[in-house]
Amino acid sequence: MPESVLDVEHLFWQVNGKTILADIHFSLPKGQMLGLIGPNGAGKSSLLRCLYRFIEPSGGNITLFSKHISNYSAKALARTVAVVQQDTPHYFDLTTEQLVSMGLTPHKGLFDSTTQRDRELIDTALTKVGLSQHAQQPYEQLSGGEKQRALIARAIVQQPQILILDEPTNHLDIRYQIQILELVASLGISVIASIHDLNLASAMCDKLLLLDQGKLIAKGNPTSVLTERQISDVFGVCCDVNSHPQHGKPLISYFYGYQANNTVSKHND
Ligand SMILES: Nc1ncnc2c1ncn2[C@@H]1O[C@H](COP(=O)(O)OP(=O)(O)OP(=O)(O)O)[C@@H](O)[C@H]1O
C-alpha cells in the first residue's frame with residue numbers, strides 16, 4: 001500500500017447555516033490519481049478549496065505529509081500543492097511563457113533571477129501541453145482550451161508533490177481531454193481532480209470519490225463506484241455499464257428521454 005500524501009478526516013463546511021460538506025473522509029495515496037465526481041452543486045469545488053486552503057472548514061482535519069495543513073507557510077504550501085482552478089483571474093499583461101514562469105515563484109527568493117534550468121523547465125512544460133508555438137502570444141489571446149493547458153503548464157513548472165485540478169478538462173476538446181489527463185498521470189505525482197465526464201474519470205483515475213449534496217456516497221476503484229444503481233441514484237439518469245474494450249474499466253452508455261413526466265427505463269419498453 002503506497003504511503004498517503006493527503007488525509008482528510010471528518011471534514012465539515014457550513015456556510016450561512018447550510019451544510020455544504022458533511023463528514024468527508026479519504027486519503028490520497030502517493031502517485032495515485034483520485035477523481036472527484038458528483039452532480040452540479042455536490043460540493044466538489046468546495047472540497048478542493050478546503051484542500052488548498054482557500055476556504056477554512058468548519059470542522060475536521062486535513063493533513064499533508066502527516067502535517068496539519070494550517071501549519072504550512074503560504075510558500076511551503078505552494079511548493080507542495082499546485083492548483084488549477086475552474087475560474088482563474090485575468091492576466092492581461094503576461095505572455096503565455098510569462099504566465100507559465102509564475103510556477104517558479106514558490107521556489108525563488110525575492111532577487112533570484114531565472115536560471116538556465118528554469119528556462120528548460122518552462123520550455124519543457126510548454127512543449128508537454130502543446131503550446132510552444134504560443135509562448136510569446138499574450139495569454140489573454142489564447143482560446144479557452146489553450147488557457148487551460150497554459151495553467152497546467154504553470155502547475156508543472158511549480159513541481160508540486162500534489163496537484164489539485166478543478167474540472168481540468170472543462171474547455172478541452174476530446175483529444176486534449178485525454179492527452180492532458182494522461183500527461184498529468186505520467187508526471188508521477190499525486191493528483192486529485194474533479195471531473196464531470198464519468199467515462200473519462202473511469203479511464204484515467206485509480207480511485208474515485210462520489211459526492212452528492214455534500215456527502216461522500218462512495219469511494220473506491222472505478223468499478224466499485226460506477227455502478228448503474230449508484231449513477232442512477234446520484235445523477236438521476238439511466239445507463240448501462242459495460243467493460244471498456246481497451247482498458248477494461250467501466251464504460252457507461254446513457255439512455256435518453258429526460259423531459260418532465262417522461263419516465264426513462266433502461267430498456268425503454
Ligand atoms: N461561498 C459560498 N457561500 C454559500 N454557498 C456556497 C458557497 N460556495 C459554494 N456554495 C454552495 O455549495 C454547494 C456546492 O457548491 P460547489 O461549487 O462546491 O459544487 P460542485 O460540486 O463543484 O458543483 P459544479 O459541478 O456545478 O461545479 C452549492 O449549492 C453552492 O451554491
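Atoms within a ligand are numbered from 1 in the order they appear, just like the ligands themselves. Reckoned from all heavy atoms, side chains included, excluding hydrogens, waters and symmetry mates.
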- Task: For the residue pair His247 and His244, categorise the inter-ring angle as parallel (less than 30°), tilted (30 to 60°) or perpendicular (more than 60°).
- Result: parallel

- Message: So, using side-chain hydrogen bond (donor to acceptor under 3.5 Å, both in side chains) as the criterion, who are the partners of Gln32 when residues are at least two apart?
- Response: none

- Message: Below 30° counts as parallel, above 60° as perpendicular, anything between as tilted: where do the rings of His25 and His10 land?
- Response: tilted

- Separation of Leu64 CG from Leu77 CG (nearest 0.5 Å): 6.5 Å

- Message: Could you check whether any side-chain heavy atom of Glu97 comes within less than 4.5 Å of a side-chain heavy atom of Leu126, counting everything from C-beta outward?
- Response: yes

- Message: Within the structure provided, determine whether Pro168 and Val184 are in side-chain contact (heavy-atom separation under 4.5 Å).
- Response: no

- Query: Using a 4.0 angstrom limit on heavy atoms, which residues are close to ligand 1?
  - Reply: Trp13, Val15, Lys18, Ile20, Pro39, Asn40, Gly41, Ala42, Gly43, Lys44, Ser45, Ser46, Gln86, Glu167, His196

